[in-house]
Amino acid sequence: MRAADWCLSAAGAAVVLATSSDPEHPAENVADGSSETFWTTTGMFPQELVIGLPRCVKLSKVAIQCYLVRTLRIERSVSEDPVGFEQCIEKDLQHTEGQLQTEEFPLPDFQATYLRFIIKSAFDHFVSVHRVMAEGTAENA
């Protein structure tokens, strides 16, 4: 079966929690498949974004396109509800002046129903998250 991006709203994914809200740059923008739109944080850190996948997925890779993020943690849950998260990755990202930070994290045979992206610190007071991607195949498909 071909791997799909399970973080797309078109695939059935949904933002179930965002700790910042800006009506001009809502969290749902991270799941629209475009790098032109984005979610922006509104101040203090940490900031969190939780994506509900449409079903339990066996992931091979998670990726993020963002700007001004210093420290990122990614957690996953396999519960039916967004609880019981466990840490998968924590990384300090490189500052890329004037261009998006694009980070890919290989996760062989990694199951998830929810992904939580925690921005622990930043290079400025605000950051933007343009896309989150989770490549993999549906379990029991």
Quiz item: Between K61 and F110, is any pair of side-chain heavy atoms under 4.5 Å apart?
Solution: no
Quiz item: Would a 4.5 Å heavy-atom cut-off, applied to side chains only, mark L49 and V30 as touching?
Solution: yes
Quiz item: Looking at R55, E135, K58, which hits side-chain contact (heavy atoms from CB on, under 4.5 Å) with W6?
Solution: R55
Quiz item: Do you reckon L8 sits in the same ILVMFWY cluster as V132, going by side-chain contacts under 4.5 Å, direct or chained?
Solution: no
Quiz item: Does the side chain of K91 come within less than 4.5 Å of E103's, by heavy atoms?
Solution: yes
Exercise. Enter the distance from I74:CD1 to E86:CD here, rounded to the nearest 0.5 Å.
Key: 13.5 Å
Quiz item: Does W39 offer a backbone N or O that forms a donor-acceptor pair with the side chain of S128 under 3.5 Å?
Solution: no
Self-check item: Short side-chain to backbone donor-acceptor contact, T41 and F126, under 3.5 Å
Solution: no
Quiz item: Should the pair R73 and F117 be classed as cation-pi, given the thresholds of under 6.0 Å to the six-membered ring centre and 45° from the axis?
Solution: no
Practice problem: Using the rule that two of Ile, Leu, Val, Met, Phe, Trp, Tyr join whenever any of their side-chain heavy atoms come within less than 4.5 Å, decide whether V78 and I118 are in one cluster. | Solution: no
Quiz prompt | Under 3.5 Å donor-acceptor, Q101 side chain and V69 backbone | solution = yes
Quiz prompt | Atom pair CD1/CE of I51 and M133 - distance to nearest 0.5 Å | solution = 11.0 Å
Quiz item: Should the pair D5-R131 be classified as a salt bridge under the 4.0 Å nitrogen-to-oxygen rule?
Solution: yes
Quiz item: Given T42 and T19, is the side chain to side chain contact (heavy atoms under 4.5 Å, CB included) satisfied, shown in steps?
Solution: CA-CA 9 Å; T42 54; T19 54; over 6 Å; no
Quiz item: L72, L100: one ILVMFWY side-chain cluster at the under-4.5 Å cut-off?
Solution: yes
Self-check item: Spacing of CG belonging to D32 relative to OG belonging to S9, to within rounding of 0.5 Å
Solution: 6.5 Å
Quiz item: H125 and F45: which non-hydrogen atoms are nearest, and at how many Å?
Solution: O-CE1, 3.6 Å
Quiz prompt | Pair T71-D92, side-chain donor/acceptor within less than 3.5 Å | solution = yes
Self-check item: Side chains of V62 and L115 in contact at under 4.5 Å (non-hydrogen atoms)
Solution: yes
Quiz item: Around atom NE2 of H95, are there more than 12 heavy atoms of other residues, nucleotides or ligands at under 6.0 Å?
Solution: yes
Quiz item: Distance only, no hydrogens: is a donor on one side chain within 3.5 Å (strictly under) of an acceptor on the other, for D22 and T40?
Solution: no
Self-check item: Nearest-0.5 Å distance that lies between atom SG in C88 and atom CZ in R116
Solution: 10.5 Å
Quiz item: Side chains of S20 and Q47: do they bring a donor and an acceptor to under 3.5 Å?
Solution: yes
Self-check item: E80 backbone acceptor or donor facing T113 side chain under 3.5 Å
Solution: no
Quiz prompt | Min side-chain heavy-atom separation K120-E90 under 4.5 Å | solution = yes
Quiz item: side chain to side chain contact (heavy atoms under 4.5 Å, CB included) between C66 and T102: does it pass, once the steps are laid out?
Solution: CA-CA 7 Å; C66 52; T102 300; over 6 Å; no
Quiz prompt | Residue pair A63 / E104: nearest heavy atoms and the distance that separates them | solution = CB-CG, 3.8 Å
Self-check item: Closest heavy-atom pair and its distance - F105, I89
Solution: CB-CD1, 3.2 Å
Practice problem: Quick one: pull up CD in Q99 and CD in Q65 and give me the separation to the nearest 0.5 Å. | Solution: 11.5 Å
Quiz prompt | Y67 (side chain) donor-acceptor with H130 (main chain) under 3.5 angstrom | solution = no
Quiz prompt | I64 CD1 to I119 CD1 distance, which is reported to the nearest 0.5 Å | solution = 6.0 Å
Quiz item: Taking the side chain as C-beta and beyond, is there a heavy-atom pair between L107 and S60 under 4.5 Å?
Solution: no
Quiz item: Is a side-chain donor or acceptor of S77 paired with a backbone partner of V83 at a separation under 3.5 angstrom?
Solution: yes
Self-check item: Check: L53 and C7 side chains under 4.5 Å, non-hydrogen atoms
Solution: yes
Quiz item: Tracing side-chain links under 4.5 Å among I, L, V, M, F, W and Y, which residues wind up in one group with Y114?
Solution: V16, L17, V50, F85
Self-check item: Heavy-atom side-chain proximity of Q111 to R76 below 4.5 angstrom
Solution: yes
